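Beneath this line is the structure, given in structure tokens, with notes to follow.
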Amino acid sequence: MTQQHDATDAGRLWGGRFTTGPDEAAWQLGVSTAFDRQLWRQDLAGSRAHAHELRRIGVLDDDELDRMLAALERCAALFARDEFPFLPTDEDVHGAVERWLVEELGPLGGKLRAGRSRNDQIANDLRLWCRDACDDLVGLVGELQAALVEQAEAHLDWLAPGYTHVQRGQPVLLSHHLLAYVWMLDRDAGRLRDARERLDASVLGSGALAGTTLGLDPAAYAEHLGFSRVIENSMDAVASRDFALELLSACAILAVHLSRLGEEIVLWATAEFGFAKVGDAFSTGSSIMPQKRNPDVAELVRGKAGRVIGDLVSLLTTVKALPMAYDRDLQEDKEPVFDAVGTLRLVLPAITGTVASLTFDQDRLADASVGGFALATDLAEELVRRGVPFREAHEVVGEVVRLAETRGVDLDGLDPGELAAAHPVLDRGVADLLDARQAVDRRDSTLGTASSAVREQLRLARRASATNRGD
Ligand code: ARG
């Protein structure tokens with residue numbers, strides 16, 4: 001037998017038509033203060049805007065408005081000190097604040113609910129919260145971009161192997177490789193900005209779903225809360241969570257990008273690759289193997305992607321097939337959003353520090369950059385320049401590679417005679433072709449890995465990171 005709550009508990013917003021309060025199990029299922037208390041700032045901002053609107057339409061007089069605003073200030077101070085006195089009978093943050101206002105102000109505290117519903121209140125709060133989250137995350141992405149740009153700049157002309165299928169493909173500059181992440185991250189920042197732009201619409205005045213009869217002005221709320229516009233439809237306002245889904249999508253893609261960077265750092269730090277060492281502050285030891293130096297931070301960054309993807313899938317699944325307008329299922333919107341954004345707030349500074357802490361091994365990178373016949377494409381393209389159809393050139397170089405492989409040398413270990421025998425046009429000027437640095441610098445179009453192109457790219461990347469950091 002579970003216990004029942006009283007219909008007129010202090011925290012209850014809707015006791016009137018009920019003879020008994022909710023069953024304990026029902027109550028436990030619905031209570032959301034444990035997580036929606038994070039919205040206190042946004043909720044109080046909405047309440048301030050609403051108090052001003054109630055004054056404008058004459059529901060509050062000047063004195064009541066002043067007392068209401070002063071009480072909301074005191075309430076904010078309590079939350080800021082983490083001293084707001086929640087009661088077990090508070091169902092959500094909105095109800096808790098109203099209960100507290102009634103305790104502070106008597107009947108005046110009960111006036112604030114006129115013309116609004118928790119349905120438009122929660123939509124407002126979450127939009128405001130997501131707006132700040134977008135700004136924060138863009139800034140943190142900018143910091144990571146800056147760390148990558150700095151490493152790219154510090155190793156400007158270092159050779160590195162470029163991979164496809166985790167097989168050495170063609171030599172590149174290490175900077176080119178690092179800057180690739182800067183551009184992935186730049187699109188992540190762009191997606192966050194896009195999400196922010198679309199969610200930047202005010203919903204207050206929608207009430208439960210249909211608007212209100214009191215003459216409240218949606219534009220006035222937008223003005224108070226710094227929204228750039230007003231949503232067009234009150235049902236859309238209380239029912240839609242695509243703004244949160246967009247933020248979560250942007251978060252999930254960002255987390256996936258970070259997992260790729262994390263994975264690469266893990267690989268680079270292995271004895272097998274040996275391309276980079278992670279700084280002590282971003283490595284951990286083993287409790288049993290004294291020699292170990294593990295890239296745990298990079299691994300956790302990789303691992304957290306699963307959780308952020310889960311947050312997106314969770315909310316997509318909640319919203320799927322929900323009938324109009326507000327349904328209580330939507331209470332499930334908050335935890336995935338808080339979790340995804342909270343996770344990235346942890347992950348981004350940690351991976352930024354890890355990137356900044358990397359020390360690269362120039363010799364290992366340079367040796368690997370030419371290994372595995374990485375200049376075979378250059379040889380084939382030279383044959384093309386000398387008039388050989390690429391199809392034939394590909395065959396010829398394939399045979400040259402096979403020959404080198406059986407001789408146990410790389411392409412530059414073959415005799416000039418052996419090359420000329422493979423194709424008559426290879427009788428001259430082949431040495432330059434088989435030099436990795438020259439191979440890199442031949443790729444000098446704007447998007448290529450030549451030093452000249454990478455220098456220009458670096459300039460643009462620095463600008464992108466500065467924009468996102470808000471410098
Ligand atoms: N705690 C609810 C939520 O997060 C607030 C809205 C409740 N509305 C209602 N009609 N029960 O969605």
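Nothing here was measured: the structure is a model prediction, and the numbers come from that model. The residues of the chain are indexed from 1 along the displayed sequence. Note that ligands are numbered from 1 as they come in the structure, with each ligand's atoms numbered from 1 the same way.
- Sorted by chain then number, the residues whose non-hydrogen atoms approach ligand 1 to under 4.0 Å are S32, D92, R118, N119, I122, Y326, R328, Q331, K334.
- Every salt bridge (charged side-chain N to carboxylate O under 4.0 Å, His left out) that D136 has, sequence neighbours left out, goes to R345.
- The ring-ring contact (aromatic ring centres under 6.0 Å, His included) contacts involving residues 58-81 comprise W40-F79, F79-F84, F79-F86, where partners must be two or more places apart or lie in separate chains.
- In this structure, Q331 contributes its side chain and G30 its backbone to a donor-acceptor pair below 3.5 Å.
- When side chains are defined from C-beta on, F273 does not count as touching D361, because their heavy atoms never get closer than 4.5 Å.
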Identify every side-chain donor-acceptor pair in residues 275-284 under 3.5 Å, counting partners at least two apart or on other chains, and give the distances.
from : atom 1 : to   : atom 2 : distance (Å)
D280 : OD1    : R293 : NH1    : 2.7
D280 : OD1    : R293 : NH2    : 3.0
S283 : OG     : V278 : O      : 3.3
S283 : OG     : G279 : O      : 3.0
T284 : OG1    : D296 : OD1    : 2.6
T284 : OG1    : D296 : OD2    : 3.0

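- The backbone N or O of D329 lies less than 3.5 Å from no partner atom in the side chain of D327, so there is not a single donor-acceptor pair.
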